[in-house]
Amino acid sequence: MTAKKLDEKTLELLKGQDILSAKALSDAQLQLIMDTAAHYEDALKEKRRLYDMDGKIVASLFFEPSTRTRLSFEAAVHRLGGEVITVSETPDIQTPSTAKGETIYDTMKVIDGYVDAIVVRSHLNGAAKEAAEAVEVPVINAGNGTGEHPSQALLDIYTILKEHGSIEGLKVALLGDLKYGRTVHSLVHFLKRYGCDLIFVAPPQLQMPAEITDELRAQGINVEETADLKAAVSRADVLYVTRIQKERFPDKEEFERVKDSYIVDDEIVASAKKGMSILHPLPRAKEIAVSVDSYPGAAYFRQAHNGVPIRMALLALTTGSVLM
Ligand code: NCD
């Protein structure tokens with residue numbers, strides 16, 4: 001991706017905005033995020049010291065376990081010369097205050113006065129929206145239950161653009177837990193804008209929710225649903241693998257039945273279309289064999305690293321801090 005200089009007016013497109021869902025972003029905002037991320041990626045490669053967020057503070061509120069998302073958001077703030085404050089991670093949506101009975105609304109209202117932006121992850125589908133309604137500063141949804149994960153989907157798009165040059169005309173297969181996986185719920189709403197075909201590969205119980213598939217089809221997107229991974233990879237340009245979301249299953253026996261539905265191994269890679277790239281938001285359980293890591297199209301670690309420039313772009317744009 002080549003970075004280009006952006007004018008002041010374009011840079012204002014996301015100033016003061018929340019990033020809650022993929023659908024809520026316009027095509028122009030999506031393009032702006034890609035261009036700004038390319039600008040920051042260049043700066044990182046050149047090891048330039050940045051001061052775009054000098055004097056700004058971001059609250060990093062993760063009420064659910066996270067490694068990549070949390071660390072790449074926090075690395076992004078540091079790379080931009082800003083500061084991060086946080087509350088200790090707890091297994092529930094509990095800060096020391098909510099444990100004392102304070103509502104999320106009240107907690108957020110207080111934090112609003114301390115910071116310039118808030119990054120929030122919760123197991124509750126409504127938490128990011130509730131936080132955004134309570135505060136004036138921009139809120140970035142870093143994963144809301146089984147709902148969405150827009151910053152992940154943005155780095156996924158950025159990765160496909162980098163690996164393939166363009167997305168138009170590609171066949172993108174999404175594999176695994178399409179029901180509970182929040183990354184794919186956001187990703188399809190970005191992919192559809194680039195004119196690609198979608199193949200949803202999942203056991204019937206874990207297929208993409210009907211309301212999403214119906215909406216995509218109504219918008220004229222070519223969507224195929226199948227359980228046949230081998231047939232899908234023989235035609236796909238991109239294979240996006242997801243983890244079966246154990247923690248989201250109300251019925252643990254159901255999880256046991258589907259947990260090993262698909263494994264991307266050397267045999268699957270051997271039957272893949274030439275040049276197919278493999279993405280995964282990570283963490284992986286067993287769905288991609290370690291031997292696949294040496295395949296040139298295995299892009300998942302490169303993908304994880306793209307999280308930093310994408311999250312730098314999101315934080316700097318929403319807080320109106322980009323210096324070009
Ligand atoms: C994903 C998530 O939290 O939804 N992970 C991530 O943010 N990279 C995917 C997952 O947990 O399976």
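Note that ligands are numbered from 1 as they come in the structure, with each ligand's atoms numbered from 1 the same way.
At the top of the distance list for atom 11 (O) of ligand 1, counting protein heavy atoms only, stands R243 NH2, 2.9 Å.
Contact detail for V201 and L178: the closest heavy-atom pair is N-CD1, 4.0 Å. Taking each heavy atom of G169 and D237 in turn, the nearest pair found is O-OD2, 4.5 Å.
For the pair A304 and ligand 1, no heavy-atom separation below 4.0 Å is found. Heavy atoms of E64 stay at 4.0 angstrom or farther from ligand 1.
Residues I199 and L174 have side chains not in contact (no heavy-atom distance under 4.5 Å, counting atoms from C-beta outward).
Sorted by first then second residue, the salt bridge (Lys or Arg N to Asp or Glu O under 4.0 Å) pairs that include residues 307-324, not counting sequence neighbours, number zero. The salt bridge (Lys or Arg N to Asp or Glu O under 4.0 Å) analysis of residues 138-149, with sequence neighbours excluded, yields no pairs.
If you number the atoms of ligand 1 from 1 as listed, the ones under 4.0 Å from a heavy atom of R121 come out as 3 (O), 7 (O). The ligand atoms of ligand 1 that sit less than 4.0 angstrom from a heavy atom of H149 are 2 (C), 4 (O), 6 (C), 7 (O). When each atom of ligand 1 is checked for a heavy atom of L282 under 4.0 Å away, the hits are 1 (C), 5 (N), 6 (C), 8 (N), 9 (C). Applying the 4.0 Å criterion to heavy atoms of Q152 picks out, from ligand 1, the atoms 6 (C), 7 (O), 8 (N).
For atom 8 (N) of ligand 1, the candidate residues are P281, P283, G307; the nearest heavy-atom contact is made by P281.
Remark: E254 CD is packed, more than 12 non-hydrogen atoms of other residues, nucleotides or ligands lying under 6.0 Å away.
By the 3.5 Å distance cut-off applied to N or O atoms, R182 is counted among the residues near ligand 1.
Of the inter-residue distances, the one linking Y158 atom OH with R302 atom CZ reads 13.5 Å to the nearest 0.5 angstrom.
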